[in-house]
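Here's the structure, in structure tokens; my notes come after.
For this chain, numbers begin at 1 and follow the sequence in order. Since this is a predicted model, take the numbers as computed values, not measurements.
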Amino acid sequence: MSWRDICRSKEFAGRWIALDNVKYVQGCSQPAEADVVDADDDLADLCARMREADRTACAILFVEDDTGVPARVQRLPQLWRRVAHH
């Protein structure tokens, strides 16, 4: 699915999404396309499901609006460390 389609989807707007097989726009961290694995309003719940499913290579992004620019791009292991310490 293209990043533009993900951002335009009402299903993902305002939610955290887990992505796999991400292809990035050359020269930047913005995704061009990816497979949506899961989505949730709550970041901790999404990370817990990804950890339970052993999907540690997924990228986690917040879909803010239809601009196509992710609000946050981070790998799961970094998020788990922060969630575990709070």
Side-chain angles (χ1 to χ4, degrees):
M1 182 175 222
S2 76
W3 179 247
R4 182 166 295 214
D5 290 341
I6 292 169
C7 290
R8 290 181 177 163
S9 169
K10 291 184 185 209
E11 178 183 0
F12 303 126
R15 301 181 79 197
W16 291 94
I17 59 172
L19 301 175
D20 200 5
N21 300 316
V22 182
K23 295 180 182 166
Y24 292 94
V25 174
Q26 188 172 359
C28 70
S29 63
Q30 180 179 339
E33 62 182 65
D35 298 329
V36 178
V37 175
D38 199 353
D40 202 302
D41 295 332
D42 187 283
L43 176 60
D45 289 345
L46 177 61
C47 288
R49 283 197 306 277
M50 294 296 94
R51 183 174 45 242
E52 288 170 10
D54 199 29
R55 301 217 49 156
T56 59
C58 289
I60 302 292
L61 288 83
F62 184 76
V63 181
E64 192 165 348
D65 56 26
D66 64 356
T67 63
V69 179
R72 293 179 106 19
V73 178
Q74 296 189 13
R75 294 272 175 213
L76 277 174
Q78 295 167 337
L79 292 171
W80 289 342
R81 280 194 289 273
R82 277 202 246 152
V83 171
H85 295 307
H86 291 286

- Query: Should V25 and V22 be regarded as members of a common hydrophobic cluster, given that ILVMFWY residues are connected when their side-chain heavy atoms come within less than 4.5 Å of each other, either directly or indirectly?
  - Reply: no
- Message: So, using salt bridge (charged side-chain N to carboxylate O under 4.0 Å, His left out) as the criterion, who are the partners of D41 when residues are at least two apart?
- Response: R15
- Item | Among V36, I60, V37, the one residue meeting side chain to side chain contact (heavy atoms under 4.5 Å, CB included) with L19 |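 Running side chain to side chain contact (heavy atoms under 4.5 Å, CB included) over V36, I60, V37 with L19 returns exactly one hit, V36.
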- Minimum-distance pair of heavy atoms, taken over all atoms of D20 and C58: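 Heavy atoms of D20 and C58 come nearest at CB-SG, 4.2 Å.
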- Item | Y24 to A59 - nearest heavy-atom pair and separation | OH-CB, 4.0 Å
- If you measure from CD on Q30 to CZ on R4, what distance do you get to the nearest 0.5 Å?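 With rounding to 0.5 Å, CD (Q30) is 8.5 Å from CZ (R4).
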- CG/D35 to CD/E33 distance, rounded to the nearest 0.5 angstrom? 8.5 Å
- Query: With sequence neighbours left out, what residues match D42 under side chain to side chain contact (heavy atoms under 4.5 Å, CB included)?
  - Reply: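 Side chain to side chain contact (heavy atoms under 4.5 Å, CB included) list for D42, sorted by chain: D40, A44, D45.
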- Under a 4.5 Å cut-off applied to non-hydrogen side-chain atoms, are D38 and I17 in contact? no
- Message: Quick check: do L61 and I6 have side-chain heavy atoms less than 4.5 Å from each other?
- Response: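 Not in contact.
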- Message: According to side chain to side chain donor-acceptor pair (under 3.5 Å), who are the partners of S2, at least two apart in sequence or on a separate chain?
- Response: D5
